[in-house]
Amino acid sequence: MRTEDGQLDDTVENLLSELEDQAARVIQKIIKDGLWPLPVDDRAILGQWIAAQHVRIPAVRRANNEIFDQLTKIMIAAGGKPEMRRLLEEHSGEPVTDEEVDAMWQEMTDFASYEAELSVNDQMLMMGRSMETAYNAMMNRSWGLCRFERKALLLSDHPVTLMRDPRQPEWRGVGLANAAAILVPIDRRAAIIMEPPGVADHKLPASAKVARELNHRFAWNSRVELFHHPDDNPLAGIELPPVKSTEAEFSQTAEDFVRPEGLAETT
């Protein structure tokens, strides 16, 4: 991030690093010591860590930028040259010519030639708000621990996987609130499955079928990379998804809103 005086500040990264250290100790209690269910304090630490894994991924930043890019370009398109003139004069502090307005309008409505991106500070603020929301949603769920003796699990570059509720219509998206389960690998042979609230935290039965189902979902939640221990072969029988380069879909784009004379021409 950048401070008000323009200096780089890595406080957030330091806080996340500290959280990762705390979470690693909790995971070690689960894997090495067999601790489950977790005490309240340890559960809260792991909940914060999982929430961070859900919101600090490249897909979230990409989605935020794609939405910001479209909204920015739609505002430019709909504002037309009158709004372009106002912004130029506000920036320069003096009147601008028609030729200057035309040139800037031509440049800014060539939407394919550039991408508008949120600042790092704005991304961090959005991450903080999203992390709090994710934490509350996850802590409210029932946590199940699934441990495998021989079968191994994949780790995705987007490690928190939301499982769609089959009772929901296809057109409805899946999110933290309506997911049938939230799946999180914490070790090559262990995963936490967060189910809807209603029962106490518990242990879940593990089988080859469950491992295969989890690995399929982990693989299809990835974007570019998958990881596994070199001694394991959790990809056996799993068809890999294509690389996903975009996150947001829009029914209309900025080109649909281009109004050279501004909104006044449509009123």
Side-chain angles (χ1 to χ4, degrees), residues 1-13 16 52-134 157-158 160 162 170-176 221-225 241-267:
M1 297 181 70
R2 285 196 179 274
T3 60
E4 291 183 358
D5 60 0
Q7 298 300 307
L8 291 173
D9 184 344
D10 58 2
T11 300
V12 173
E13 193 63 32
L16 289 171
Q53 303 313 305
H54 181 61
V55 303
R56 66 183 297 202
I57 52 178
V60 170
R61 294 194 297 272
R62 188 181 301 122
N64 289 341
N65 277 332
E66 288 171 1
I67 293 169
F68 178 74
D69 176 69
Q70 279 299 312
L71 290 177
T72 299
K73 291 173 179 176
I74 286 172
M75 291 175 64
I76 291 171
K81 293 181 181 180
E83 179 65 9
M84 186 68 63
R85 180 183 296 276
R86 187 189 70 78
L87 292 173
L88 286 172
E89 291 181 346
E90 182 181 280
H91 180 71
S92 65
E94 58 185 27
V96 296
T97 66
D98 291 344
E99 289 75 15
E100 290 173 311
V101 172
D102 289 342
M104 183 57 70
W105 172 256
Q106 192 71 27
E107 179 179 344
M108 297 304 294
T109 54
D110 183 11
F111 298 125
S113 68
Y114 68 96
E115 293 182 358
E117 292 188 352
L118 284 164
S119 69
V120 173
N121 287 30
D122 286 336
Q123 288 277 18
M124 288 289 189
L125 289 172
M126 294 179 72
M127 186 185 80
R129 298 190 194 103
S130 298
M131 183 175 169
E132 182 178 4
T133 300
D157 54 4
H158 290 62
V160 178
L162 305 184
E170 284 293 326
W171 56 264
R172 181 172 294 169
V174 56
L176 291 169
N221 195 52
S222 66
R223 298 307 191 273
V224 178
E225 297 173 316
V243 171
K244 189 174 182 180
S245 58
T246 60
E247 296 296 329
E249 295 182 5
F250 305 93
S251 58
Q252 291 181 294
T253 61
E255 285 81 358
D256 300 316
F257 294 87
V258 173
R259 304 288 187 273
E261 302 308 318
L263 291 176
E265 74 170 3
T266 62
T267 59

Under a 4.5 Å cut-off applied to non-hydrogen side-chain atoms, are [X] and [Y] in contact?
X      : Y      : answer
His54  : Ser130 : no
Met127 : Val12  : yes
Phe111 : Val258 : yes
Gln123 : Asn64  : yes

- Message: Regarding Glu13 and Arg56, does a basic nitrogen lie under 4.0 Å from an acidic carboxylate oxygen?
- Response: yes

- Task: Decide, yes or no, whether a salt bridge links Glu83 with Arg86 under the criterion of side-chain N to carboxylate O below 4.0 Å.
- Result: yes

Minimum heavy-atom separation for [X] and [Y], please, with both atom names.
X      : Y      : result
Glu247 : Ala63  : CB-CB, 3.8 Å
Gln70  : Ala254 : OE1-N, 3.4 Å
Glu66  : Ala248 : OE1-N, 2.7 Å
Arg259 : Trp105 : O-CH2, 4.0 Å
Arg62  : Thr246 : CD-CA, 4.2 Å
Asp157 : Ser222 : OD1-CA, 3.4 Å

Determine whether the side chains of [X] and [Y] contain a donor N or O and an acceptor N or O closer than 3.5 Å.
X      : Y      : result
Ser119 : Asn121 : no
Glu255 : Thr253 : yes
Asn65  : Glu115 : no

- Query: Between the main-chain N or O of Val160 and the side-chain N or O of Asn221, is there a donor-acceptor pair closer than 3.5 Å?
  - Reply: yes

- Message: Tell me whether Asp9 contacts the main-chain N or O of Arg2 through its side chain, where contact means a donor paired with an acceptor under 3.5 Å.
- Response: no

- Message: Do Lys73 and Tyr114 form a cation-pi contact, if we require the NZ or CZ to be under 6.0 Å from the six-membered ring centre and within 45 degrees of the ring's axis?
- Response: yes

- Message: Can you confirm whether more than 12 heavy atoms, excluding those of Glu89, are under 6.0 Å from its CD atom?
- Response: yes

